[in-house]
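Please read all numbers here as calculations on a predicted model, not as lab measurements. To find a chain, count down the sequence lines: A is the first, B the second, and so on, and within it residues start at 1.
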Amino acid sequence: MLQVAFIRENKEDVIARLAKRNIDATEMINNAIVLDEERRALQTKLDSTKAESNGLSKEIGNLFKSGEAQKANLLKEKTTQLKETTKALEQELNDKADALKELLYKIPNVPNEIVPSGNTDEDNEEIYREGDIPTLHKGATPHWDLIKKYDIVDFELGNKITGAGFPVYKGKGARLQRALISYFLDKNTTAGYTEVQVPHLVNEASGYGTGQLPDKEGQMYHVTEDNLYLIPTAEVPATNIFRNTLLNESDLPIGLTGYTPCFRREAGNWGAHVRGLNRLHQFDKVEILRVEHPDKSYDALNGMVEHVKSILKELKLPYRILKLCGGDLGFTSALTYDFEVFSTAQDRWLEISSVSNFETFQANRLKLRFKNSDGKNELCHTLNGSSLALPRVLAGILENYQTENGIKIPEVLVPYTGFDMIS
RNA sequence: GGAGAAAUGGCAGAGUGGUCGAAUGCACUGGUCUUGAAAACCAGCGAGGGUCACACCUCCGGGGGUUCGAAUCCCUCUUUCUCCGCCA
């Protein structure tokens with residue numbers, strides 16, 4: 001959520017930068033400013049009314065104390081009128097504040113200056129590419145055939161137990177999955193991230209805190225009985241660790257990493273290109289998250305990008321990095337880099353990581369602040385990224401490491417799997 | 001699930017109808033001292049709104065009520081702790 005004061009002071013700039021998302025925010029921004037002005041006017045009016053009755057109450061107290069009960073009773077009558085005025089103003093003020101908040105919830109984050117304009121993922125800007133695309137042997141196949149051939153992931157079973165998009169990993173498939181999780185967590189903790197295990201269900205306040213609610217309500221599984229949501233990413237519980245928190249400047253930066261399953265309804269997203277492990281309702285992901293001083297968040301973002309690069313380099317997977325264009329940028333993000341691994345047998349790129357700086361957008365909703373050197377409370381910047389999303393890494397490994405004799409295991413993973421070949 | 005207790009500033013913890021935005025300690029900031037640091041001492045120090053700045057308003061878990069006046073009394077919800085029951 002953007003801060004009203006920021007909108008008020010940077011109106012033209014905010015509109016101009018939101019235009020990169022291909023939205024004309026002029027009306028929303030103007031409305032927000034007007035609502036805020038009206039809200040403040042009401043507040044002032046209410047304040048002075050209350051000041052008046054506070055003064056009277058004090059006077060009444062003094063009169064009673066000095067035994068002038070009659071005078072006091074006279075003043076009491078005066079307060080009745082004020083009470084009514086107060087009540088009416090309070091109601092008006094609440095309505096106004098709610099309307100403003102509702103509007104602010106609808107305004108996405110302001111893209112960073114360097115975000116390219118564009119409409120769809122086709123307009124994203126490739127900024128980096130690394131790794132050789134392997135020449136596959138004759139008869140090489142996409143991963144959905146490979147998992148069947150080697151019996152390591154079973155969609156039929158998942159169908160039986162739950163439904164489409166909930167696969168069962170078996171044998172070496174399950175072991176490889178676990179190896180990847182351990183390897184990622186080890187890489188992240190070595191890089192200074194503190195490992196956390198967080199709840200897989202979150203309450204409504206947490207959903208609002210990171211921006212999944214009210215915007216992306218339909219994307220999460222909702223347990224209505226208890227009004228809890230299954231997490232679509234560890235970002236939600238992990239970031240909400242810091243909801244309503246005031247940090248010391250010396251506490252920054254904070255880096256966390258955590259593994260969780262992720263649940264996504266993907267309503268309306270089911271169609272082409274979702275074969276095999278490409279898109280699931282439940283998948284595993286290791287996440288990294290940072291809380292940063294505003295001056296350092298973009299350095300931190302670059303650091304996260306370098307970190308993810310180092311993992312992919314070790315896995316020896318061909319990948320590229322995209323800077324997302326305005327049209328493809330997530331609601332809460334100011335700048336996002338997507339990592340895509342090349343799925344050789346499918347001849348297409350698969351997104352495996354998304355690294356974003358949210359600046360103060362989440363922190364404002366979360367009330368995540370730090371006491372700066374002037375003693376003032378200032379909003380932190382939050383960032384997060386995947387390191388990495390499991391199924392597509394798995395798909396990438398299966399397809400790129402396939403040989404006629406089976407699937408080779410990337411060298412760095414062998415200590416974790418205990419085997420170097422799936423055959 | 002049953003019985004009881006509790007929820008106060010960044011943290012800990014006093015405060016039971018007006019003079020309480022709230023004692024005290026820790027943390028934090030500035031200063032004295034020191035070559036420097038630590039310790040000690042002195043001073044400052046909750047948050048949000050509002051204002052050019054003051055004034056002023058709000059906030060003692062959430063919501064509602066009583067009262068001229070509520071951290072304090074009442075109702076309700078939530079959470080935590082203790083004891084009992086159940087249980088991975």
Side-chain angles (χ1 to χ4, degrees), chain A residues 1-9 32-104 197-209 213 223-229 237 240-254 291 293 360 363-380:
Chain A
M1 186 166 65
L2 298 174
Q3 296 165 90
V4 207
F6 178 80
I7 293 177
R8 204 193 308 146
E9 284 155 29
I33 291 173
V34 170
L35 279 172
D36 181 50
E37 265 165 20
E38 291 172 349
R39 197 207 91 235
R40 272 149 59 213
L42 280 168
Q43 182 80 61
T44 308
K45 221 161 146 191
L46 176 65
D47 285 357
S48 56
T49 314
K50 280 189 170 172
E52 200 180 329
S53 47
N54 284 347
L56 284 175
S57 290
K58 215 163 246 178
E59 235 177 286
I60 291 168
N62 289 333
L63 286 173
F64 272 124
K65 218 172 278 171
S66 58
E68 298 173 81
Q70 213 173 359
K71 273 188 177 171
N73 284 323
L74 220 63
L75 278 184
K76 271 197 197 179
E77 280 168 34
K78 264 174 101 175
T79 58
T80 319
Q81 173 71 34
L82 281 175
K83 262 182 153 174
E84 274 169 36
T85 317
T86 306
K87 209 159 194 183
L89 280 171
E90 264 171 355
Q91 184 61 51
E92 238 183 299
L93 179 66
N94 282 341
D95 292 348
K96 198 63 77 179
D98 285 348
L100 176 62
K101 203 165 160 193
E102 207 172 297
L103 177 59
L104 288 175
Q197 287 194 14
V198 290
H200 300 167
L201 277 83
V202 294
N203 58 28
E204 215 170 22
S206 292
Y208 275 95
L213 294 175
V223 182
T224 52
E225 180 87 27
D226 298 291
N227 198 24
L228 297 173
Y229 294 85
N240 273 282
I241 288 175
F242 302 101
R243 177 147 44 87
N244 290 325
T245 307
L246 180 59
L247 300 165
N248 287 319
E249 190 165 351
S250 57
D251 294 330
L252 301 175
I254 295 171
V291 180
H293 189 287
T360 59
N364 188 33
R365 288 197 187 184
L366 292 163
K367 281 214 212 107
L368 165 54
R369 298 157 304 166
F370 70 98
K371 201 169 274 294
N372 68 20
S373 47
D374 297 332
K376 289 247 160 53
N377 296 336
E378 198 177 332
L379 291 173
C380 301

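With sequence neighbours excluded, the residues satisfying side chain to side chain contact (heavy atoms under 4.5 Å, CB included) with A:Lys76 are A:Ile60, A:Phe64, A:Asn73. Taking A:Asn248 as the reference, nothing meets the side chain to side chain donor-acceptor pair (under 3.5 Å) condition, with sequence neighbours excluded. Residues passing the side chain to side chain donor-acceptor pair (under 3.5 Å) test with A:Asn244, sequence neighbours excluded: none. Under the rule for a ring pair (Phe, Tyr, Trp, His ring centres under 6.0 Å), A:Phe242 has no partner lying at least two apart in sequence or in another chain. Residues meeting the side chain to side chain contact (heavy atoms under 4.5 Å, CB included) test with A:Arg369, sequence neighbours left out: A:Leu246, A:Asn377, A:Leu379. Residues forming a side chain to side chain donor-acceptor pair (under 3.5 Å) with A:Asn94 (at least two apart in sequence, or on another chain): none. Remark: A:Ala88 pairs with no residue by the side chain to side chain contact (heavy atoms under 4.5 Å, CB included) rule, at least two apart or across chains. Residues passing the side chain to side chain donor-acceptor pair (under 3.5 Å) test with A:Asn364: none are found, sequence neighbours excluded.
B:rA23 and B:rA71: their C1' atoms are spaced 14 Å apart (whole Å). Using atom P as the reference point in both B:rG44 and B:rC83, the two lie 44 Å apart (nearest Å). On the P atoms, B:rG61 is 13 Å away from B:rC11, given to the nearest whole Å. Separation of the C1' atoms belonging to B:rA40 and B:rC33 is 9 Å when rounded to the nearest angstrom. A gap of 16 Å separates the P atoms of B:rG18 and B:rC74, to the nearest Å. Of the P atoms belonging to B:rU24 and B:rA14, the separation is 15 Å, rounded to the nearest Å. For the P atoms, the distance linking B:rA70 with B:rG21 amounts to 11 Å, nearest Å.
Within the shown strands, B:rA7 is the pairing partner of B:rU78 under the Watson-Crick or G-U definition, both distances less than 3.5 Å.
When rounded to the nearest whole Å, the span between CD of A:Glu378 and P of B:rU29 equals 16 Å. Atom CG of A:Asn244 and atom P of B:rU79 are 17 Å apart (whole Å). We find that CG of A:Leu89 is positioned 15 Å from C1' of B:rU58, with the value rounded to whole Å. A straight line from CG of A:Asn377 to P of B:rG49 spans 10 Å, rounded to a whole angstrom. Look at NZ on A:Lys367: it is 8 Å from C1' on B:rG48, rounded to the nearest Å. One interatomic measurement links the two molecules: CG of A:Asn364 to P of B:rG49, which rounds to 10 Å at whole-angstrom precision. If you measure from atom NZ of A:Lys376 to atom C1' of B:rA47, you get 13 Å, rounded to the nearest angstrom. Distance A:Asp251 CG to B:rC28 C1': 11 Å, rounded to the nearest Å.
Near RNA chain B, meaning a heavy atom under 4.0 Å from it, residues 38-50 of chain A has A:Arg39, A:Arg40, A:Gln43, A:Asp47, A:Lys50 in order of number.
Note on residues 37-59 of chain A: pairs passing salt bridge (Lys or Arg N to Asp or Glu O under 4.0 Å), not counting sequence neighbours, are A:Asp36-A:Arg39, A:Asp36-A:Arg40, A:Glu38-A:Lys96, A:Lys50-A:Glu90.
Between A:Cys380 and A:Ala363, the shortest heavy-atom distance links the atoms O-CB, 3.1 Å. Here the shortest heavy-atom pairing between A:Leu213 and A:Glu204 reads CD1-O, 3.7 Å. Minimum heavy-atom separation, A:Ala205 to A:Asn240: O-OD1, 4.2 Å.
Using a 4.0 Å heavy-atom distance criterion, A:Asn54 is classed as a sugar-phosphate-only contact. Within 4.0 Å of A:Asn62, counting heavy atoms only, lies no atom of the nucleic acid at all.
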- Note on the structure: Per-nt protein contacts along nucleotides 71-77 of chain B (heavy atom under 4.0 Å; B base, S backbone sugar-phosphate only, - none) come out as -------
- Message: Return a single string for nucleotides 60-70 of chain B, one symbol per nucleotide in 5' to 3' order, where B is base contact, S is sugar-phosphate-only contact and - is none, cutoff 4.0 angstrom on heavy atoms.
- Response: -----S--BS-
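Nearest nucleotide to the side chain of A:Ala51, out of B:rG46, B:rG10, B:rC56: B:rC56.
Using a distance-only test at 3.5 Å, with no hydrogens or angles considered, a donor-acceptor pair links the side chain of A:Thr245 to the main chain of A:Arg243.
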